[in-house]
Every structure is written in C-alpha cells, then in structure tokens.
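Below: one structure, written as structure tokens.
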Amino acid sequence: MRPRLHRTIETPLRLRLRPPAPSPPEPHSPSHSCTLPWISPLHYLPPSTPTSSPPPPSPTSPPPKPATRHLTHPEAARLISTEPDPQRALDLFNSLSLQPGFSHNHATLSALLLRLAKSRKIHAVDSLLSLIRLHHPCRLYEPPFLSLISLLASRFSLHEKSLDIFLSLPALLRHKPSPKAVSTCLNLLVESGKLDLVDKLVLHVKGWYVSGMNACICNILIKHYCKVGAIEKAFELLEEMKQSGSEDTKPNLITYTTLMGALCKEGKVKEAFQLFEEMIERDRIVPDQLTYNVLTDGFCRQGQMDKAVAVLGFMRSNGCEPNKFNYSTLINGFGKAGKVDEAKNMFDEMHRAGLQRDAVSYTTLVGCLCRNGKVDEGIELVKEMNQRGCNADVVTYNLVIEGLCKEGRVVEALTLLERLPDEGVKLNAASYRIVMNCLCREDDMDRAFGLLKLMLRRGFIPHFAASNQLLVGLCNIGRVTDATVALYGLTEKGFVPETGSWDRLLESVCRERKMQKCFELLDDLAVVE
DNA sequence: CTAGGGTTAG
C-alpha cells in the first residue's frame with residue numbers, strides 16, 4: 001500500500017513476439033538459392049524467454065496471408081510500410097516469401113527495415129541487416145539507409161548501435177556513403193555530444209575520403225571542435241581547407257561564420273572581426289545577415305553596444321538589409337546591458353524598417369523589461385503581442401514569471417502557473433522550477449509545499465537541489481508529515497534524495513516518536529542503497 | 001534530420 005522507492009529499469013528494446021509461427025515451409029523451389037530465407041521470428045527471441053505455453057502450431061494454421069497471392073514488389077513494400085504493428089509487418093514479409101516465385105528485392109527489404117526502425121526495433125534491424133549481408137545478393141540503395149539512420153536517432157541523438165549500422169553501409173551498398181549521408185550521421189553525433197562516437201566516425205570517414213572531405217563535413221567538424229573548446233583544431237582544419245585544391249573543400253561563408261561565432265562566445269570579438277575581414281579580402285566571400293549577426297552578438301556580449309549598432313549601419317551600406325534576427329540581437333544586447341530605452345527604440349526602429357515583429361522579438365523585449373524591474377510593462381507588452389496574433393508562449397511567460405519572482409510577487413507568479421495551462425499555454429518544468437527555486441530561496445516552505453503538489457499533479461518535478469531543500473525545510477518547521485508526503489511524491493517520480501536530507505528526515509521522524517514511520521523510511525533507504 | 005544567428009530554465 002505504501003509507496004516504495006524503486007529505480008526504473010531500462011528494458012531493452014526488442015521485438016515482442018507472437019507464439020512461433022509454423023515451422024519453415026518445405027522448400028518449394030530449391031533452385032531459388034539466393035532469395036532471402038524465411039525469417040523465423042525466433043531469430044529475435046532472447047534465448048531464455050520462450051512463451052510458457054505457445055499454442056502448438058497446428059499444421060493447418062497458415063501464416064498470415066497477404067491480401068492477394070500475386071503482389072508486386074511496390075504493393076508489398078507499401079503494405080509493409082503502412083502496417084501499424086511492426087510484428088505484423090514482419091509476419092507479412094515472411095508470408096510474402098512463401099508466394100511461389102516471389103523473392104524479396106531492395107524495395108520490400110527497405111520497407112521492412114524502415115518499418116522496424118520506425119518502432120525503434122534496433123536489434124531487429126540489426127538482425128535483418130546481418131541476414132541481408134549473408135544471404136541477399138541484391139543491391140540496396142542509399143536513400144532508405146539515410147532515412148533508417150534518422151529514424152534510429154531518437155530525439156536527434158544517435159547511439160552506438162546505429163552508428164555501427166551506418167559504418168557497415170559500404171559492405172551493403174558496395175560503395176562508400178555519400179557525403180550527404182556522412183553529414184547527416186556526423187551532425188547527429190555532434191549535436192548530441194557523443195564525442196567518442198564522433199571520433200569513431202571521423203576515423204572511418206578519413207579512410208573513405210582520402211582526398212579530403214567536402215566543405216559541409218568539414219564545417220560540421222569545425223562546429224564540433226568549437227563546441228568542445230578545441231578552437232585550435234578548428235583553425236587547423238580551416239588551414240587544411242584553404243590549402244586544398246578542390247573547389248568543394250574550400251572554406252565558405254558557413255565555415256567562417258561558425259569560427260567567428262566560436263571566437264565571439266569566447267569573448268574574442270576582435271579576432272572574430274579580423275577573421276571577418278580576412279574572409280572578405282582574401283577569399284572574396286560576401287557576408288550575409290547571419291554573419292553580421294554573429295558579429296553584432298559578439299559586440300553585445302562584450303557590452304560594446306556602440307559597435308554592435310555600428311554593424312547594423314555597416315551592413316546596410318554594403319547592401320545587406322538587416323532582418324529580424326539582427327534587430328532581436330540588438331534588443332537583447334541592450335536588455336542585457338540594462339538599457340531599456342535603447343532596447344525599446346530598437347524595437348520601434350525594427351517596425352519602421354518594415355519588418356514584422358514576431359514572437360521572439362516581442363519576447364526579447366519582454367525579457368528586457370522583466371529583468372530590469374519593469375514587469376508591469378512587460379505584462380502590458382504580452383497583452384499587446386497576444387492581440388497582434390504573436391501569441392506569447394512558455395518562453396515569454398517564463399520571463400514574466402521570473403520577473404515577478406525577482407520583485408517578490410510570488411503569489412502572482414503562482415496564479416499564472418495555476419491559470420496559464422487552462423488558457424492553452426503549455427508550461428514546462430522550467431516554469432515551475434523558477435518559482436520553486438524562488439520559494440526555497442526565501443524559505444517559504446508553506447507555498448513551496450503547495451507548489452510541489454501542483455507540480456506533481458501535472459507531472460513535473462522540482463530541481464534536485466530544490467527538492468532536497470524542500471524536504472529539509474519542511475522538517476525544520478516541524479511539518480514532518482508533509483515532508484514524508486513530499487518525499488513519497490518525489491520518489492515516485494524517480495527522485496533519490498541526498499543522504500543529508502535522509503538524515504534530517506529520519507531525525508525528525510524519530511523525534512516525533514513515529515517509530516513505525518521511521519522503520520519504513522529506513523526500509524526504503526535500504527532499497528535505494 | 002548535410003553545415004552558421006536572436007528569447008527561458010538547470
């Protein structure tokens with residue numbers, strides 16, 4: 001009855017299987033030695049998990065039948081890819097093999113691969129690929145594999161197994177992957193910060209493209225080096241690109257913009273500007289709005305607002321009209337510098353320049369107002385943007401909520417949290433955490449506990465530190481029952497308290513002579529550790 | 001979802 005602490009266990013993805021299908025059919029045509037053999041679902045069964053009582057396959061029960069006996073390959077492929085259940089897609093694939101004279105080709109194989117990948121049945125995909133390698137002489141094409149890699153990537157991140165699949169491509173395609181395929185894969189790894197896997201891929205890529213990679217691949221690598229703080233390596237690669245004879249390895253605008261951005265983030269605007277000039281004078285590359293924006297942002301970060309504004313004039317005189325990004329960057333810069341009036345001016349100038357002010361530019365100004373003690377003005381602006389059809393979203397409201405908290409208007413912030421979801425605004429964990437952190441900072445445990453209940457009801461949990469603070473804070477004011485309620489609510493969502501919070505909690509419970517409760521807690525502690 | 005920019009939280 002009482003809640004228990006437990007850890008979530010990652011269950012491995014695997015194809016869930018129906019009881020075994022009838023045993024492989026008698027080879028109807030032994031001469032078709034090169035067709036893919038019947039894929040028994042058993043291939044995917046982990047060794048130790050046979051279903052306890054599989055209905056004995058009656059010899060008369062046929063495998064699932066396709067709608068017609070003589071499906072063409074495109075029809076079959078369409079059926080496989082539109083089948084909602086991956087297991088049924090596999091069954092269908094298998095039963096197709098039984099059609100007299102039918103052998104799978106690249107279309108049906110690709111369809112099944114993609115169908116399995118869509119359900120993240122990565123091990124099934126892997127097994128199928130091994131089978132293809134072993135038995136299937138037909139040639140496969142790259143585009144399905146590209147989709148495959150993207151499908152296996154969950155939320156833009158790629159794990160090692162998917163990379164291995166990618167690396168096995170040359171064997172299946174009988175040629176090296178296209179630069180586009182490499183870029184897709186590399187970028188997924190770089191974006192998700194899988195450093196070791198990036199290295200692994202790069203090693204292979206160097207073997208594939210001995211003569212040099214194209215600019216796109218290099219640019220992704222440069223981005224990677226910049227991200228991990230190895231700017232020197234990024235510049236080494238720039239040098240290599242400059243020296244390469246091939247036209248499509250030459251550094252381009254993206255190469256320079258990436259490097260300039262990295263320099264600016266390190267506070268080296270001056271060097272970024274030198275690089276900018278070098279790009280124009282040496283390589284005759286014409287900057288665009290984005291390149292200018294990187295520079296503008298660089299100056300803003302250094303608080304050099306005069307120079308940031310100057311960039312705007314400079315680009316205009318070079319025939320490059322500023323866009324909403326350029327203005328938003330400046331508004332943001334003024335906001336960070338505490339120059340509210342200048343930010344407002346920029347916002348108006350943007351309008352005069354004939355540019356639509358979108359939700360982001362509004363939000364930037366809202367943030368500027370809220371961070372500089374003008375929450376009420378910020379709230380007015382939110383009303384205005386909503387009226388103009390640029391609906392304020394979580395980001396906007398989080399800024400308002402943050403502003404309210406900073407001014408000690410937590411109650412209003414709480415009201416927004418309570419009300420906004422009903423008005424169609426999808427709040428996120430940050431929305432609640434901003435307020436929770438504020439309440440913990442102010443040691444307002446009563447409201448913090450109330451907020452916790454709201455959060456848990458809506459499926460959010462506070463930041464780790466705040467959770468611990470809340471538990472200890474409740475103990476400190478003698479609300480031991482609430483503390484245990486909070487603890488159980490939090491642990492149910494996977495939270496494991498700091499040992500310090502445990503100590504404090506146990507101490508309080510013991511002091512209140514609730515020995516039974518105390519034992520229960522100790523029991524849970526034992527489960528965790 | 002082949003490469004570069006502006007808003008929030010931790």
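These figures come from a predicted structure and were not determined experimentally.
- Checked against B/dG6, B/dA3, B/dG5, the side chain of A/Ile254 finds its nearest nucleotide in B/dA3.
- Atom pair A/Tyr225:OH and B/dA3:P shows a separation of 18 Å (rounding to whole Å applied).
- One can place CD1 of A/Ile220 at 5 Å from C1' of B/dA3, the figure rounded to the nearest angstrom.
- Residue pairs meeting the ring-ring contact (aromatic ring centres under 6.0 Å, His included) criterion with at least one partner in residues 271-291 of chain A, sequence neighbours excluded, are A/Phe273-A/Phe276, A/Phe276-A/Tyr292.
- In terms of phosphate contacts, A/Thr184 brings a side-chain nitrogen or oxygen within less than 4.0 Å of OP1 or OP2 of B/dT2.
- Summarising the geometry, the separation between CG on A/Leu263 and C1' on B/dG5 is reported as 15 Å, rounded to the nearest angstrom.
- Within the nucleic acid shown, A/Leu399 comes within 4.0 Å of sugar-phosphate atoms alone, with no base atom in reach, counting heavy atoms only.
- Whole-Å rounding puts the A/Asn187 CG to B/dG4 C1' distance at 11 Å.
- Here the separation of B/dC1 from B/dG5, taken at their P atoms, is 14 Å to the nearest Å.
- Residues A/Leu505 and A/Leu487 come closest through the heavy atom pair CD2-CD2, 3.6 Å.
- Using a 4.0 Å cut-off on heavy atoms, none of the residues of residues 269-287 of chain A approach DNA chain B.
- For the side-chain contact (heavy atoms from CB on, under 4.5 Å) test, residues two or more places apart in sequence or in another chain that qualify with A/Ala430 are A/Asn398, A/Asn428.
- If you check distances only, the side chain of A/Asn332 never reaches the base of B/dG5 with a donor-acceptor pair under 3.5 Å.
- Comparing atom distances between the A/Asn398 side chain and each of B/dT8, B/dT2, B/dG4 picks out B/dT8 as nearest.
- One N or O donor and one acceptor, one from the side chain of A/Thr257 and one from the base of B/dG4, sit under 3.5 Å apart.
- For residues 413-446 of chain A, proximity to DNA chain B is found at A/Ala430, A/Ile434, A/Asn437, defined as any non-hydrogen atom under 4.0 angstrom from a strand atom.
- Side-chain atoms of A/Thr364 and A/Ser328 include no donor-acceptor pair closer than 3.5 Å.
- The only member of A/Arg316, A/Lys324, A/Lys344 that meets salt bridge (charged side-chain N to carboxylate O under 4.0 Å, His left out) when paired with A/Glu349 is A/Arg316.
- Side chain of A/Asp297 to main chain of A/Cys300: no donor-acceptor pair is present (N/O by atom type, distance under 3.5 Å, no hydrogens or angles).
- With hydrogens and angles ignored, the 3.5 Å screen pairs a side-chain donor or acceptor of A/Asn437 with a backbone N or O of A/Arg433.
- At whole-Å resolution of the value, CE in A/Met260 and C1' in B/dG5 are 11 Å apart.
- At distances below 3.5 Å, not a single donor-acceptor pair connects side-chain atoms of A/Ser501 with backbone N or O atoms of A/Pro497.
- With distances taken from any side-chain atom of A/Lys180 to the nucleotides B/dT2, B/dA3, B/dT8, the minimum falls on B/dT2.
- Each ring-ring contact (aromatic ring centres under 6.0 Å, His included) pair with one or both residues in residues 304-356 of chain A, not counting sequence neighbours, appears once here: A/Phe347-A/Tyr362.
- Side-chain N/O atoms of A/Asn252 and base N/O atoms of B/dG4 include no donor-acceptor pair closer than 3.5 Å.
- Of the charged side-chain nitrogens involved, none lies within less than 4.0 Å of a carboxylate oxygen, so that A/Lys121 and A/Asp126 do not count as a salt-bridged pair.
- A donor-acceptor contact under 3.5 Å links the side chain of A/Thr291 to the base of B/dG4.
- Computed from coordinates, the A/Leu189 CG to B/dC1 C1' distance equals 12 Å when rounded to whole Å.
- Atom-to-atom, NZ of A/Lys324 to P of B/dT7 comes out at 14 Å; the value is rounded to the nearest Å.
- Contact of A/Ser328 with B/dG6 (side chain to base): a donor-acceptor pair of N or O atoms is detected under 3.5 Å.
- Within residues 447-474 of chain A, the residues that have a heavy atom under 4.0 Å from DNA chain B are, in order of number, A/His463.
- By the 30° and 60° cut-offs, the orientation of the rings of A/His106 relative to A/Tyr141 is perpendicular.
- The nucleotide whose nearest atom lies closest to any side-chain atom of A/Glu402 is, among B/dG6, B/dG4, B/dA9, B/dA9.
- Looking at heavy-atom distances under 4.0 Å, A/Asp288 makes contact with a base.
- In this structure, the nucleotide among B/dA3, B/dC1, B/dG6 sitting nearest to the side chain of A/Phe325 is B/dG6.
- No side-chain N or O of A/Thr82 forms a donor-acceptor pair with one of A/Arg78 less than 3.5 Å apart.
- Of all nucleotides listed (B/dG4, B/dC1, B/dG5), B/dG4 comes nearest to the side chain of A/Leu253.
- The closest side-chain heavy-atom distance from A/Cys438 to A/Leu404 is not below 4.5 Å.
- Within the nucleic acid shown, A/Ser361 comes within 4.0 Å of at least one base atom, counting heavy atoms only.
- Regarding A/Met350, its CE atom lies at a distance of 13 Å from the P atom of B/dT7, rounded to whole Å.
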